[in-house]
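Since the model is a prediction, treat every value here as computed from it, not as a measurement.
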Amino acid sequence: MAITLESLRRVRATNPPRLLFYGPAGVGKTTLAQEFPDPIFLQTEDGTPGDVELNTFGLLKSYGEVMEAIGVIYDQNLPFKTVVLDSMTEMQRLIFAETCARGDEKGNQKQNIEDFGYGKGYVYAQRVTQELVEALNLLRRDRNMAIILICHSTVERFDDPESVSYDRYDLDLHNKIKGMIERDMDGIFLLKHKVSIEKEEQGFNKERALAKGGSQVWLHANPKPAFVAKNRYGIKAAIYTRGKGFEMLAPSFPKFGDEPAADDGQQADAA
């Protein structure tokens with residue numbers, strides 16, 4: 001196609017959101033995902049909240065089973081509006097196992113991702129991860145489904161080139177995989193209990209720190225030195241109220257689920 005001035009046009013994001021929720025165990029990540037319209041869960045680990053009912057294929061124990069489940073959703077055009085992968089942290093283990101089973105460039109299988117040597121295993125794992133990402137994006141593009149990944153959190157040291165090193169909340173993923181996922185997501189949200197620290201005098205010029213609060217769960221939507229986060233929708237940090245999370249976030253998202261996606265020439269992903 002010849003590029004001319006007449007080719008220039010204005011576009012906006014119309015595809016459903018691709019989101020990642022992460023945070024400590026039990027903070028409400030799965031519960032928040034369940035609040036999205038008509039979700040179906042791809043469960044790679046146990047741990048369903050006791051008071052939540054999920055549409056699920058059951059525990060998927062291999063990379064092949066996950067891809068097969070995605071294929072069923074796509075081919076049979078199942079009546080769901082959101083697909084939730086719970087969790088991406090455990091999915092990474094399945095990706096590594098699949099990578100080892102495929103082996104190196106000569107087809108030599110490995111027992112462990114480190115057995116490839118020189119970090120090559122993680123490079124091969126990126127290719128397998130890309131297959132997963134592309135399959136999920138097909139559901140988004142062709143079936144107009146929102147994509148949600150749930151991830152565990154970890155506290156990692158961050159070496160800031162402009163300051164001293166410090167600890168921050170991060171995704172519990174290997175850096176090679178994490179970088180791919182972070183780039184693909186429209187929103188990365190940290191769910192964490194709000195905790196305040198108070199000092200208590202103990203006498204003899206001694207004191208101790210006491211953590212208080214923790215009843216409120218905050219959804220952090222923008223990056224800070226203390227944690228990884230981002231979003232392309234202008235969403236601000238807010239208190240997550242159980243049962244009202246999607247209601248709080250929905251006005252910022254393009255509509256999805258009820259209407260077919262626009263033609264390729266009429267839509268563009270937010271950059």
Side-chain angles (χ1 to χ4, degrees), residues 16-23 25 29-30 33 39-48 54-78 80 82-143 145-154 156 170-186 188 228:
R18 297 166 296 187
L19 308 174
L20 185 147
F21 302 148
Y22 82 108
K29 303 181 293 294
T30 300
I40 183 168
F41 280 71
L42 305 175
Q43 291 183 288
T44 58
E45 64 177 66
D46 291 322
T48 303
L54 307 179
N55 295 308
T56 174
F57 293 103
L59 184 62
L60 304 174
K61 299 180 180 180
S62 70
Y63 176 85
E65 288 185 356
V66 173
M67 295 298 283
E68 183 179 359
I70 293 174
V72 169
I73 298 171
Y74 185 93
D75 293 337
Q76 299 188 19
N77 200 12
L78 299 182
F80 298 101
T82 306
V83 59
V84 183
L85 178 55
D86 189 1
S87 70
M88 186 61 207
T89 301
E90 184 62 18
M91 185 70 212
Q92 176 178 259
R93 186 184 66 81
L94 303 184
I95 289 171
F96 288 168
E98 176 69 14
T99 302
C100 291
R102 295 185 186 186
D104 59 20
E105 65 274 5
K106 296 181 180 179
N108 297 318
Q109 296 182 340
K110 307 295 181 180
Q111 293 295 318
N112 187 283
I113 197 69
E114 295 284 354
D115 293 344
F116 287 89
Y118 304 103
K120 289 184 178 180
Y122 299 107
V123 176
Y124 293 135
Q126 283 183 301
R127 301 172 187 173
V128 179
T129 304
Q130 188 61 40
E131 294 176 8
L132 171 68
V133 169
E134 290 174 357
L136 292 172
N137 280 332
L138 279 176
L139 293 179
R140 177 179 182 246
R141 186 191 69 202
D142 295 347
R143 298 295 179 252
M145 298 180 72
I147 307 298
I148 296 178
L149 307 183
I150 294 175
C151 192
H152 297 301
S153 65
T154 185
E156 297 284 351
D170 208 340
L171 311 182
D172 189 6
L173 297 171
H174 186 275
N175 285 337
K176 292 286 189 182
I177 307 300
K178 179 172 62 178
M180 295 181 64
I181 298 302
E182 286 180 338
R183 288 191 296 270
D184 209 56
M185 293 294 102
D186 300 309
I188 297 177
V228 172

Partner of Cys151 by side-chain contact (heavy atoms from CB on, under 4.5 Å), out of Thr89, Ile188, Ile181 = Thr89
Which of these, Arg140, Arg141, Glu134, sits in a side-chain contact (heavy atoms from CB on, under 4.5 Å) with Asn137?
-> Arg140
Output, in order, the C-alpha distance, side-chain angles, deciding distance and verdict of side chain to side chain contact (heavy atoms under 4.5 Å, CB included) for Glu45 and Arg93.
-> CA-CA 11 Å; Glu45 64 177 66; Arg93 186 184 66 81; over 6 Å; no
State, to 0.1 Å, how close [X] and [Y] come at their nearest heavy-atom pair, and which atoms those are.
{"X": "Leu59", "Y": "Glu65", "result": "O-OE1, 4.0 Å"}
{"X": "Met67", "Y": "Ala135", "result": "CE-CB, 3.8 Å"}
{"X": "Asp186", "Y": "Pro16", "result": "OD2-O, 4.1 Å"}
{"X": "Phe80", "Y": "Asn55", "result": "CE2-ND2, 3.5 Å"}
{"X": "Tyr63", "Y": "Leu132", "result": "OH-N, 3.7 Å"}
{"X": "Val66", "Y": "Thr44", "result": "CG2-CG2, 3.9 Å"}

Can you check side chain to side chain contact (heavy atoms under 4.5 Å, CB included) on Lys178 and Val228, steps first, answer last?
-> CA-CA 11 Å; Lys178 179 172 62 178; Val228 172; over 6 Å; no
Are any non-hydrogen side-chain atoms of Val83 and Arg143 less than 4.5 angstrom apart?
-> no
How many angstroms lie between [atom1] in [X] and [atom2] in [Y], if you round to the nearest 0.5 Å?
{"X": "Ile73", "Y": "Met145", "atom1": "CD1", "atom2": "CE", "value": "5.5 Å"}
{"X": "Tyr122", "Y": "Ile95", "atom1": "OH", "atom2": "CD1", "value": "13.0 Å"}
{"X": "Phe96", "Y": "Met91", "atom1": "CZ", "atom2": "CE", "value": "11.0 Å"}
{"X": "Ile70", "Y": "Leu42", "atom1": "CD1", "atom2": "CG", "value": "5.5 Å"}
{"X": "Leu20", "Y": "Met88", "atom1": "CG", "atom2": "CE", "value": "8.5 Å"}
{"X": "Tyr74", "Y": "Leu136", "atom1": "OH", "atom2": "CG", "value": "13.0 Å"}

Taking salt bridge (charged side-chain N to carboxylate O under 4.0 Å, His left out) as the test, write out the residues that go with Asp104, two or more places apart.
-> Lys110
What pairs with Arg102 under salt bridge (charged side-chain N to carboxylate O under 4.0 Å, His left out), at least two apart in sequence or on another chain?
-> Glu98, Glu131
Those residues at least two apart in sequence (or on a different chain) that pass side chain to side chain contact (heavy atoms under 4.5 Å, CB included) with Ser153 are Tyr22, Pro24, Tyr169
When you look at CD of Gln111, are more than 12 heavy atoms from neighbouring residues, nucleotides or ligands closer to it than 6.0 Å?
-> no
Taking everything shown except Lys176 itself, do over 12 heavy atoms lie less than 6.0 Å from its NZ?
-> no
Expected output: side-chain Gln126 to main-chain Met180 donor-acceptor under 3.5 Å = no
So, does Gln109 use its side chain to make a donor-acceptor pair with the main chain of Ala101 at under 3.5 Å?
-> yes
Evaluate the criterion side chain to side chain contact (heavy atoms under 4.5 Å, CB included) for residue pair Ile113 and Tyr124; output intermediate values, then yes/no.
-> CA-CA 9 Å; Ile113 197 69; Tyr124 293 135; over 6 Å; no
